[in-house]
Amino acid sequence: MIDVALIGTGYWGPNVANSFVATEKARVAGLCDLDPARLTAFSQRYPQAKATNRLADILEDKSITAVAVATPTNTHFAIAKAALEAGKHVLVEKPLTLTTAESLELGALADKMGRVLMVGHVFLYNNTIRVLKDLIDKGELGDVHAMSFVRTNLGPVRTDVNALWDLATHDISIMSYLMDAEPVSVSAVGQSFLNKGVEDVVFATFTFPNGALANVHASWLNPQKVRTLTITGSQKMAVWNDLEIKEPVLVYDKRVDLPSAQELKGDFMEYKTLCVDGGHASVPVKLNRPLQSECEHFLDCIATGSRPLTDAANGAAVVRALEAATRSIAQGGTPVEIR
Ligand SMILES: NC(=O)c1ccc[n+]([C@@H]2O[C@H](COP(=O)([O-])OP(=O)(O)OC[C@H]3O[C@@H](n4cnc5c(N)ncnc54)[C@H](O)[C@@H]3O)[C@@H](O)[C@H]2O)c1
């Protein structure tokens, strides 16, 4: 059993604590929040855990092996740094930090201290994403030409980070994992309608080294909750609907026949005959609890001393793309190089 403390008992933190317990490999030994009402409310669930509004109380407690940080993004760096310096293993919610330099600094500190530092890019622990990765790696879709992510809902509205940093973080981690590469440039636009300087609606298009494109529509000002990814491959196409439980992944045997297309004379009816439509099929997915799998991976890395899938370098790569997209938004959508 590993004793874990949760820093931040707001909306998301309780899910993290409960997921640690569900692994049956960890206990919740400490709870920390600056808000006494939230701390008191959640500590009813874990009455044996040390409940405090002082981070130092957790960090000085030698019986606590690891901390999970689920506080607002602008506090991640300072809390994670203090926890690593105190010799704790640290799981930090996404995005890891507000700057690439901070993420890299935390990674170097974790290495120096010999501790695990992991960022909660939860979708990389989602079986559905692993099924999509498998399809791509086995060449089922052919070459990936484009990806289109939609992550919209009405709320929750944040004031600490915009829709890009809150929502598109997930999609950047997913696209990089699926492509086995980091995007090289981004063009993004966004607008603030509710709170000045905090974009509620963002459209960002990332380009990969092989020319593939990935677009993200991230918004908390939308009438519908949508969580979809469409992958256009040269041979087949796939659609993932994260809100669909029975058939989350559909693979479409659809493409435009390339050799014939090269002979196109531009006639619309001729073009139509070159479109191959072999129908679609549902791909079986053994749905898991991604947050529980994420917590289990963190605990296993502590037990074995191995480096997590979503380590500081992985977190830094996502933050690097977010920083570039932020610059592009500020420049009205001008393409910005990521590296
Ligand atoms: N993986 C996911 O799908 C997912 C979903 C939601 C949120 N998150 C992430 O979780 C983190 C928290 O988000 P949330 O929605 O729970 O926010 P929240 O505002 O509901 O909760 C944050 C809590 O942290 C507390 N806090 C703030 N500063 C603190 C400090 N210095 N020390 C101790 N406590 C402090 C606040 O009092 C609050 O209770 C963010 O990084 C967010 O991106 C991840």
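All residue numbers in this chain count up from 1 along the given sequence.
Here the shortest heavy-atom pairing between Pro209 and Ala181 reads CD-CB, 4.2 Å. Here the closest non-hydrogen pair linking Asn126 and Pro290 is ND2-CG, 3.7 Å. Residue Val319 comes nearest to Pro95 through the heavy atom pair CG2-CB, 4.5 Å, listed as atom of the first residue, atom of the second, then distance. Scanning all heavy atoms of the two residues, the minimum distance from Gly333 to Val189 falls at CA-CG1, 3.8 Å. Across all their heavy atoms, Ala70 and Gly13 have their closest contact at CB-CA, 3.6 Å. Residue Leu221 comes nearest to Ser219 through the heavy atom pair N-OG, 2.9 Å, listed as atom of the first residue, atom of the second, then distance.
Of the possible donor and acceptor atoms, none in the side chain of Arg115 sits under 3.5 Å from a partner among the backbone N and O of His89. The backbone N or O of Thr228 sits nowhere less than 3.5 Å from a side-chain atom of Asn241 that would complete a donor-acceptor pair. Without hydrogens or angle criteria, Gln331 side chain to Thr334 main chain gives no donor-acceptor distance under 3.5 Å. With hydrogens and angles disregarded, a donor-acceptor distance shorter than 3.5 Å links the side chain of Gln48 to the backbone of Val28. Here the side chain of His76 pairs a donor or acceptor atom with the backbone of Thr71 at under 3.5 angstrom. Between the Arg45 side chain and the Asn18 main chain, no donor and acceptor come within less than 3.5 Å of each other. At distances below 3.5 Å, not a single donor-acceptor pair connects side-chain atoms of Asn162 with backbone N or O atoms of Thr326. Although no hydrogens or angles enter the test, the distance criterion places a donor-acceptor pair under 3.5 Å between the side chain of Asn215 and the main chain of Ala204.
Considering only heavy atoms from C-beta on, Leu229 stays 4.5 Å or farther from Val239 through its side chain. The shortest distance between side-chain heavy atoms of Val4 and Val67 does not fall below 4.5 Å. You'll find the side chain of Met147 stays beyond 4.5 Å of the side chain of Val216, heavy atoms only. Between Val283 and Val131 there is a side-chain heavy-atom pair separated by less than 4.5 Å. Thr207 has its side chain out of reach of Val186: every pair of non-hydrogen atoms, C-beta onward, lies at least 4.5 Å apart. Asn222 is not listed as a side-chain neighbour of Leu154, based on a closest heavy-atom distance of 4.5 Å or more. Using a 4.5 Å heavy-atom threshold, the side chains of Thr9 and Arg38 count as touching. Residues Met118 and Val92 have side chains not in contact (no heavy-atom distance under 4.5 Å, counting atoms from C-beta outward).
In this structure, Leu322 CG and Ile338 CD1 are separated by 9.0 Å, a value rounded to the nearest 0.5 Å. Note that CG of Leu117 and NZ of Lys88 are 15.5 Å apart. Values are rounded to the nearest 0.5 Å. Rounding to the nearest 0.5 Å gives a distance of 11.5 Å between CG of Leu178 and CZ of Arg130. Between the CD atom in Glu337 and the OG atom in Ser328 there is a gap of 12.0 Å [rounded to 0.5 Å]. The OG atom of Ser234 lies 8.5 Å from the CG atom of Leu141; values are rounded to the nearest 0.5 Å. The structure places CG of Asn15 at 12.5 Å from CZ of Phe20, a figure rounded to the nearest 0.5 Å.
The salt bridge (charged side-chain N to carboxylate O under 4.0 Å, His left out) check on Arg320 picks up Glu182, with sequence neighbours excluded.
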Stepwise side chain to side chain contact (heavy atoms under 4.5 Å, CB included) check, Val202 with Gln191: CA-CA 7 Å; Val202 171; Gln191 287 288 6; over 6 Å; no
Apply side chain to side chain contact (heavy atoms under 4.5 Å, CB included) to Val69 and Glu93, showing your working. CA-CA 6 Å; Val69 182; Glu93 257 316 315; over 6 Å; no
Kindly indicate, with the supporting measurements, whether the criterion side chain to side chain contact (heavy atoms under 4.5 Å, CB included) is fulfilled by Ile231 and Leu132. CA-CA 9 Å; Ile231 305 174; Leu132 288 172; 4.2 Å; yes
Between Phe77 and Glu105, is a side chain to side chain contact (heavy atoms under 4.5 Å, CB included) present by the stated rule, with each step listed? CA-CA 9 Å; Phe77 175 69; Glu105 185 181 331; 3.6 Å; yes
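Salt bridge status for Lys94 with Asp166: present, with a side-chain N to carboxylate O gap under 4.0 Å. Salt bridge Lys25/Asp300: present, at least one basic N to carboxylate O contact under 4.0 Å. Between Asp111 and Arg307, at least one side-chain N (NZ, or NE/NH1/NH2) sits under 4.0 Å from a carboxylate O, which counts as a salt bridge. The existence of a salt bridge linking Lys50 and Asp57 is excluded, since no basic side-chain nitrogen approaches an acidic carboxylate oxygen closer than 4.0 Å. The pair Lys133-Asp137 counts as a salt bridge, with a side-chain nitrogen and a carboxylate oxygen less than 4.0 angstrom apart. By the 4.0 Å N-to-carboxylate-O rule, Lys81 lies too far from Glu102 to be salt-bridged with it.
For residues 160-191, the set of pairs meeting the ring pair (Phe, Tyr, Trp, His ring centres under 6.0 Å) definition, not counting sequence neighbours, comprises Phe123-His170. Annotation: ring pair (Phe, Tyr, Trp, His ring centres under 6.0 Å) contacts involving residues 202-237, sequence neighbours excluded, comprise Phe203-His217.
If you chain together hydrophobic residues whose side chains sit under 4.5 Å apart, Trp12 and Val161 fall into the same group. Side-chain heavy atoms closer than 4.5 Å link hydrophobic residues (I, L, V, M, F, W, Y) into clusters, and following such links, even through other members, never connects Ile329 to Val198. Residue Ile64 is grouped with residue Met113 when hydrophobic side chains (ILVMFWY) are merged at heavy-atom distances under 4.5 angstrom, including chains of intermediate members. Hydrophobic clustering keeps Leu34 apart from Ile58 (ILVMFWY residues linked when any side-chain heavy atoms are closer than 4.5 Å, directly or through intermediates). At a threshold of 4.5 Å between side-chain heavy atoms, the hydrophobic network of Ile, Leu, Val, Met, Phe, Trp and Tyr places Ile174 and Val251 in one connected group.
Under the 3.5 Å distance criterion, with hydrogens and angles disregarded, no donor-acceptor pair is assigned to the side chains of His280 and Asp253. Under 3.5 Å, the side chains of Thr97 and Thr99 contain no donor-acceptor pair of N or O atoms. Under 3.5 Å, the side chains of Glu323 and Thr100 contain a donor-acceptor pair of N or O atoms. Checking Ser293 against Asn288 by side-chain atom types alone, a donor-acceptor pair falls below 3.5 Å.
Other residues, nucleotides and ligands contribute only 12 or fewer heavy atoms inside 6.0 Å of the CD1 atom of Ile245. Heavy atoms from other residues, nucleotides or ligands lying under 6.0 Å from CD of Gln224 number 12 at most.
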